[in-house]
Amino acid sequence: MAEEREAILKLGKKITDRVPQHLGLKKMTKDDPEYWGLAEVLTDEMAELALTMKVRVHYTLDQIAKMNPKHTKEECEKLCEELSRIGLFEYSWDNLDGRNPDGEKRYLLAMFVPGSAEMFMMNPEVIDNHPIIADFFERMAFLPLERVTPMVPLGGAGVGMHVIPVEKAIPATQQSVSVEHLSHWLKKYDRFGVGICSCRKQQRMRGEGTGDIEGEYCIAVGDFAIYAGETGKGRDITYEEVIEILERSERHGFVHQITNIDGENKIFGICNCAPGVCNALRTSQLFNTPNMSRSAYRAHVEKEKCVACGKCVEVCPVGAAKLGQKLCKKDGSEIAYPKALLPDETAWGRDKWNFNYKDTAKINCYETGTAPCKTACPAHLAVQGYVKMAAEGRYEDALKLIKQDNPFPAVCGAICNRRCEDACTRGTIDEPLAIDEIKKFIAQQELEAEKRYIPLCENGVGEFYEEKVAVIGAGPSGMSAAFYLREKGYPVTIFEKESRAGGMLMNGIPSFRLEKDVIQAEIDVLEAMGIEFKFNTEIGKDITIQGLREEGYKAFYVAIGAQGGRKANVPGEDAKGVLTGVEFLRNINLDEEGTRLSGKTIVVGGGNVAIDVARAALRAGSEEVQMFCLEQRGEMPAAADEIAEAEEEGIIIHCGWGPKEVVSADGKVTSVIFKKCTAVFDADHKFNPVYDENDCKSVECGNLLLSIGQSIVWDGLLEGSKVELGRGNAAVADAVTLQTAEPDIFVGGDVYTGPKFAIDAIAAGKQACESIHRFVHEGNSLTLGRDLRQFVELDKDDINVETFDNAKRQIPGKKAGVAKSSFRDLRTTFTEEQVKAEADRCLGCGATVVDENKCIGCGLCTTRCEFDAIHLSRDLPDASNMYRAEDKLKAIAPYAAKRAIKIKKNKKKD
């Protein structure tokens, strides 16, 4: 065991802000981080020189040499420069203390945080050779604060960092002071630098990253910028580059903070902090003591304007903004939302801390619920938001809003199963809002190249990542993942075994429901973003996953869908003229004119795909089409409007029948024998059909199309991998991360869930994007501080909807033509007048609610709101009082005394 080094112990005691250790009330040992952190990077000679200096006092080289007579001046200079390179010392030329009129270079023994602990982290050579420094930094940002934070008044008392709002969020109508403006600090200095964020790096090295990737986010100003550049902790940048970093940080949801240890006349850094990993922001979240970092402002919502789009909630760094409801309860009262407890008048201890703050900050919704439409949608689109924009004629803005959660609004406008409408509160009054038709109208812009929305693609530092990602399968889930990965700044390649993109959208849905040019228009957007497609490439045959690894791909998203059909496993089904519905639709989509049927056709199945098959069979030349399904009419999984369309075209639907045998002559189907189905589900509502074998009938046909399910066909794709397969041959993966037993392989869409809807696959693609983003950067947890996108529907039985208009639901028109003979989609979109009339039927159920006690006044919420519904207000002017670290007791002592009196009075009341 290494012997304790006395000089290191003394230096740790000298620098630490832990009062018991600093005052000698508690002995410092080699087990304390102050010791082992310094011992890792300093020699005894360095420590002895540093011990001759006071903390945060400037010394010229002559002064240091005089205090260290056993060293020559040259030796002192060499030691000072080395200590500066390591990060224990800083140096500058300023005269803020009035003791440096000649502008000499002066050295300073830095405090730990903010100070040398960060400097150690920012020096690549130091941290690469001494990774334990990551733990040292974390401890020094935690231990000195755990007891003092409840006693810190507004403004932070010269302890740590201070939030400074997004400048454009500061109301022009309110009186502000200069220190609240970034522009004030930028005008004060003429030298700027940038360095690697020490918090992001530290959390990554500790395996606690939350997907906030390290990079050049920390801006140095003035002499500190020169120091950082000369000692390997940063590089020089221009004022214009500073502005770019600040604006880009706001786009990515990073909080501006300034150093807060030098009073109101000096800062040395502006940080752009990621809330999941920032040690400074941790004070307002873990300790629940926002005074240390909050700005003078707090966010307030104008409920009348808010549309519960949730974008402010997503960006809020501390979970102060959550979705609630706008509608009153039946008794006319409003929902009462809880407020976070603060230490101002309350005794504080570990029982008041929030150890799960990284996760709780990502809770989207209050338990009492929010808008049912957003809750019901698998992708949780901002329905109220884009409906409101449509009402205002802001169609391009609406398209941008939709594509934040769904890259394929035109596709979904044609084929979505509209769970948002099923849940719509308006449906409890008369008819639900025609949400899908409004979205379809908005998405028409995708069909016009000049109106398409091409998102900005960049990572947090305005570049592209080096890590390549492979997406296998160009269906809705694969393309969704590629869209969001590219938007994050990744090189993405989609491998597709077919000759075109689209998957089942192209090959499984007939054009009378989804025109091919609609799909292609949205695929064109992906190509414009820079996503690479490689067609006619089957993974496992043309190249293996291992081969792609060798080409540099770091992660794989497998989303090949369920592209195989299923037969009924009855005698005779191998006869000529018997096809699965999937096979038939594929043939139709590849060659509408060349795929022909003659005679009578039977379709077995009761879902939406079976309806598509039946209607396509009619268009392919069948003289008669009949459908047979196990379910009774009310149990059919097909959508009611699609059933109605089929019957309008003359398709006959027989409910409660299942195939028993296929009869053939000369090898070709001639009829099907059906048996009566008396029950489809058992008492637990599990699929377990019961038949009456004595109640049968024979139906003639020349074609039998079995649309009773889809299958997953892997071929050799997973050969040599550890991916496990489960029920229905679907891949087994984690429900949150979609990661399989092979760590770099993620799965989603039908290949994971079994056959579902396009919107489910699209939502899975975005979910996989977040996991892959974290996975390819070592040290980032796939789950910590993750937005799980969980929402709660408000109680529709306890709302006041007595006052509403009686406008009828709008109905889209149809193009001229004979439906049953045309493969074209004869449905039209709403007119602009219909869109506005329908949008006005929205009840506006949800709204954002801000817990003012948690809000730190960063202003990021205002940058996301497209409805002018959330603003900052200068509620806490004392939060702009800035102190020097050496004067912190001047702020803390009176506040702590007043607080103690309040706590005592409250105890007496209890």
Counting only heavy atoms from other residues, nucleotides and ligands, does the tally under 6.0 Å from NZ of Lys388 exceed 12? no

Taking Asp405 first and then Lys374, would you say they form a salt bridge - that is, a charged N and a carboxylate O separated by under 4.0 Å? no

Looking at CD of Glu838 and CD of Gln810, how far apart are the two atoms once the value is rounded to the nearest 0.5 Å? 6.0 Å

Backbone N or O of Val315 within a donor-acceptor pair of the Arg864 side chain at under 3.5 Å? no

Identify whether the distance between the nearest side-chain nitrogen and carboxylate oxygen of Glu645 and Arg513 falls below 4.0 Å. no

Given 3.5 Å as the limit, does a donor-acceptor pair link the side chain of Glu515 with the main chain of Asp517, or not? no

Any side-chain to backbone donor/acceptor pair from Arg615 onto Glu649? Under 3.5 Å, distance only. no

Interatomic distance, OG1@Thr848 vs CG@Asn364, rounded to 0.5 Å, equals 10.0 Å

Could you tell me whether Asp787 and Lys766 make a salt bridge, using a distance below 4.0 angstrom between a side-chain N and a carboxylate O? no

Presence of salt bridge, Lys808 and Glu431, under 4.0 angstrom: no

Is the number of heavy atoms from other residues, nucleotides or ligands within 6.0 Å of CG (Asp591) greater than 12? yes

Neighbour count above 12 (heavy atom, 6.0 Å) for Lys756 NZ: no

Is it true that Asp430 and Arg809 make a salt bridge, defined as a side-chain N closer than 4.0 Å to a carboxylate O? no

Please determine if Lys468 forms a cation-pi arrangement with Tyr553, meaning its NZ or CZ atom is less than 6.0 Å from the six-membered ring centre and no more than 45° off the ring axis. yes

Tell me whether Leu788 at atom CG has more than 12 heavy atoms from other residues, nucleotides or ligands lying less than 6.0 Å away. yes

Between Arg824 and Glu592, does any NZ, NE, NH1 or NH2 come within less than 4.0 Å of an OD or OE carboxylate oxygen? yes

Can you find a pair of side-chain heavy atoms, one from Leu401 and one from Met389, that are under 4.5 Å apart? yes

Is any NZ, NE, NH1 or NH2 atom of the basic residue among Arg586 and Glu498 found under 4.0 Å from an Asp or Glu carboxylate oxygen of the other? yes

Decide, yes or no, whether a salt bridge links Glu866 with Arg394 under the criterion of side-chain N to carboxylate O below 4.0 Å. yes

Pairs under 3.5 angstrom only: tabulate donor-acceptor contacts from the side chains of residues 435-442 to other protein residues two or more places apart or in another chain.
unit_1	atom_1	unit_2	atom_2	d
Asp436	OD1	Lys439	NZ	2.7

